[in-house]
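Written below as structure tokens is the structure these notes are about.
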Amino acid sequence: MKPSIPRGTRDFGPQEMTRRNYIFDTIRDVFKLHGYLQIETPAMENLSTLTGKYGEEGDQLLFKILNSRLHESKEKENLQKAFDKTLQSATNTDVLTERALRYDLTVPFARYVVMHQNDMTFPFKRYQIQNVWRADKPQKGRYREFYQCDADVIGSTSLLNEIDLLLIIDEVFGKLGLGVTIKLNNRKVLAGIAELIDAQDKIIDITVAIDKLDKIGEQKVLEELFAKGLSNEAIEKLKPIIFIQGNNESKLESLQKIIANDIGQKGIEELKYIVEKVGPMLSSNCKIETDITLARGLNYYTGAIIEVKVNDSRSEFTSSICGGGRYDDLTGIFGLANMSGVGISFGADRIYDVLMEANLFPNDVEFNTQVLFVNFGEAEQQYCLTLIKQLHSANISAVMFPEQAKMKKQMGYADANKIPFVALIGSQELQDQTITIKQMSTGNQQCIAKSELVNFILKS
RNA sequence: GUGGUUGUAGCUCAGUUGGUUAGAGCAUCAGAUUGUGAUUCUGAGGGUCGUGGGUUCGAGACCCAUCUCCCACCCCA
């Protein structure tokens, strides 16, 4: 049988894992620095936990798990009916499918908060680094199994949380050495726009359409809005809003004049507050840009909407590498009201692709083992093991070649694994209680006393 | 899910209008060198040409299906 893995999934070799861990470690360190606590949730959730949270499209992208032992079921007629139904429509009954792989980390977190609310103190800051699955058609930068690195604050409506998260974004990409632009919008502004043109029921259609402005241009967006049933009058009212230009400040001021309803004004105020506070604190490699065409399809956002794009001459990457927003009532459906949260999610796999493209992985992340002990035979092995134990105690990574192979083989192993030092201990060294140590980068070697080993490596 | 595209050794790729036994470089392994890697020389292993059908005297090449890769749409980390 020919081995293969499912479409859109990948194996990761040692070098890839070293680089992936560099990303995870960087993000994790910043999360911890900001006081977030780690949790994990199961790979699978009950299907009912996930359905309806991600919009119609999201429901289609859930990996559903077929119930087990269907062939032993006593209700095969019901099963047959349920199956016929799934062939007709997108909905599943739990007779056939009661579980699904998680689609993101935010909804499982909301479920977690409701289930464990009595064991938590609010506001609760949590981080979570786990993989998620989407039954999307794979493309570059789009995988069916990928990692998200989430930080969320739940139980606080303060905009200081938004600011905290934006600073995290700045710090993470600063540490990774990547230039980015944070795009910021607010769902209340979008709601205000919908109210202004008297089309509250079409808010999702409107946001999806104007989100495409960059991609398909003005004319096509207006055509799409018309096709979605907006009147010409409404579209005329919409035009000056969509095409607002200028810097953050002037854009928001113009909006403030046009969108004269409560919810719109509230959204603009929130945007202003965040931009004014956080703008001066961001590093030069991290720009912030208010963008009312930024929609994001997730149904549950109610306030801030955040998206991060690469803004770096070394990369052509256009997909977003981080996203997030505020959700006022995600826990409500699980029975816990008045629990507002806000969070962001780093797409580790896309960040990996960008860092590869921009050549931003540090070289030294590839090194691990410091010293290889050549294996000359049984008498020498014991001596080496003792020395290796000493090195390990000093937190220096060292190994002995497990076979008594030819020197060429053993030296080649050190070379292939980029091990910087090779320790040679044969009968002569054994007798003299010394170590011949070779530095692979220069080819130089010298003989040192056994007791000098740890210091020698530490100094090098 | 819709439309398009790709697939030959572990990797990067040749392979003529369809014609003997499918090649190269790199990598791997072995030897030159039984205590010295990355450079040199010699040799070896490695392929059901993505898979399954079809056309043909004959298919890596042509046709169909299917899987995979990549691209656009949709959507998104």
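In this text the structure is predicted, and so the values were computed from the model without any measurement. To find a chain, count down the sequence lines: A is the first, B the second, and so on, and within it residues start at 1. These numbers come from the heavy atoms of this one structure, side chains and all, not from hydrogens, waters or symmetry mates.
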Would you please name every residue forming a side chain to side chain contact (heavy atoms under 4.5 Å, CB included) with A:Gln130, sequence neighbours left out? A:Glu40, A:Thr41, A:Arg102, A:Leu105, A:Gln128

Here the salt bridge (charged side-chain N to carboxylate O under 4.0 Å, His left out) pairs for residues 397-410 of chain A, sequence neighbours left out, are none

Provide the full list of ring-ring contact (aromatic ring centres under 6.0 Å, His included) pairs with a residue in residues 416-440 of chain A, sequence neighbours left out, each pair given once. none

Below 3.5 Å is the cut-off: list the nitrogen or oxygen pairs between protein and nucleotides 25-32 of chain B, distance only.
residue: B:rC29; atom: OP1; partner: A:Lys409; partner atom: NZ; Å: 3.2
residue: B:rG31; atom: OP1; partner: A:Lys406; partner atom: NZ; Å: 2.1
residue: B:rG31; atom: OP2; partner: A:Lys406; partner atom: NZ; Å: 3.1

Hey, could you give me each pair passing ring-ring contact (aromatic ring centres under 6.0 Å, His included) that has a residue in residues 163-183 of chain A? Not counting sequence neighbours. A:Phe173-A:Phe346

Which whole-number value in Å describes the distance from A:Glu56 CD to B:rG1 C1'? 13 Å

Roughly how many Å apart are B:rC67 and B:rG52, using the C1' atom of each and rounding to a whole number? 10 Å

When you measure only distances, ignoring hydrogens and angles, does the side chain of A:Glu429 come within 3.5 Å of the base of B:rG35 through a donor and an acceptor? yes

P-based separation of B:rU28 from B:rA38 [nearest Å]: 9 Å

What is the nucleic acid contact for A:Gly412, judged by heavy atoms within less than 4.0 Å: base, sugar-phosphate only, or nothing? sugar-phosphate

Write down the distance separating the P atoms in B:rC29 and B:rU39, rounded off to the nearest Å. 13 Å

Lys NZ or Arg CZ of A:Arg134 over A:Phe63 ring: under 6.0 Å, within 45°: no

Which residues share a side chain to side chain donor-acceptor pair (under 3.5 Å) with A:Asp432, sequence neighbours left out: A:Gln428

Restricting both atoms to N or O, compile the protein contacts to nucleotides 7-10 of chain B shorter than 3.5 Å, with distance only.
none

Rounded to whole Å, please give me the gap between CD in A:Glu16 and C1' in B:rC11. 14 Å

All pairs passing side chain to side chain donor-acceptor pair (under 3.5 Å) where residues 449-460 of chain A contributes a residue, at least two apart: A:Gln433-A:Lys450

With P as the reference atom in both, quote the distance from B:rG47 to B:rU66 in angstrom, rounded to an integer. 29 Å

Nearest-Å distance once atom C1' is located in both B:rG7 and B:rC69: 8 Å

Given RNA chain B, 5'-ward residue of the pair A:Ile425 and A:Val308, judged by closest heavy atom: A:Ile425

Distance-only side-chain donor-acceptor flag, A:Glu270 / A:Asn186, under 3.5 Å: yes

We want to know whether A:Thr9 and A:Glu145 form a side-chain donor-acceptor pair, criterion being a heavy-atom distance below 3.5 angstrom. no

Please, which pairs that meet ring-ring contact (aromatic ring centres under 6.0 Å, His included) have at least one residue in residues 126-154 of chain A, sequence neighbours excluded? A:Phe24-A:Tyr147, A:Phe31-A:Tyr127

Distance in angstrom units between A:Met407 CE and B:rU36 C1', rounded: 4 Å

A:Asn375 CG to B:rG35 P, in whole Å, measures 13 Å

Annotated structure of RNA chain B as dot-bracket, pair cut-off 3.5 Å, Watson-Crick or G-U only, | for inter-strand, is ((((..(..((((.....[...)))).(((((.......))))).....(((((..]....))))))..))))....

More than 12 non-hydrogen atoms from neighbouring residues, nucleotides or ligands closer than 6.0 Å to CE on A:Met44, yes or no? no

Base of B:rU36 paired with side chain of A:Gln445 (donor-acceptor, under 3.5 Å): yes

Can you check whether A:Phe146 stacks with the B:rA77 base, using ring centres under 5.5 Å and planes within 30°? yes

Tell me yes or no: between the side chains of A:Asn375 and A:Gln381, is some donor less than 3.5 Å from an acceptor? yes

For A:Tyr301, does the six-membered ring have the charged nitrogen or CZ of A:Arg187 within the cation-pi criterion, i.e. under 6.0 angstrom from the centroid and within 45° of the normal? no

Which letters describe nucleotides 65-71 of chain B, given B = protein heavy atom under 4.0 Å from base, S = only from sugar-phosphate, - = neither? ---SSSS

Nearest-Å distance for atom pair CD/P, residues A:Glu57 and B:rU2: 13 Å

I need the CG-P distance between A:Asp136 and B:rC76, as an integer number of Å. 10 Å

What is the nucleic acid contact for A:Ser427, judged by heavy atoms within less than 4.0 Å: base, sugar-phosphate only, or nothing? base

Just call it for A:Gly443: base, sugar-phosphate, or nothing, with non-hydrogen atoms closer than 4.0 Å on any strand. base

Considering residues, nucleotides and ligands other than A:Met281, do more than 12 of their heavy atoms fall under 6.0 Å from its CE? no

For B:rC74 versus B:rA14, give the span between their C1' atoms, rounded off to a whole number of Å. 39 Å

So which pairs with a foot in residues 299-325 of chain A pass salt bridge (charged side-chain N to carboxylate O under 4.0 Å, His left out), sequence neighbours left out? A:Arg296-A:Glu307, A:Glu307-A:Lys309, A:Asp312-A:Arg314

Counting side-chain heavy atoms from CB outward, which of B:rC74, B:rG37, B:rG35 is closest to A:Met411? B:rG37

What is the distance, rounded to the nearest whole Å, between atom CG of A:Leu424 and atom P of B:rG37? 11 Å

Measure CD1/A:Ile182 against P/B:rA77 and give the value in whole Å, please. 16 Å

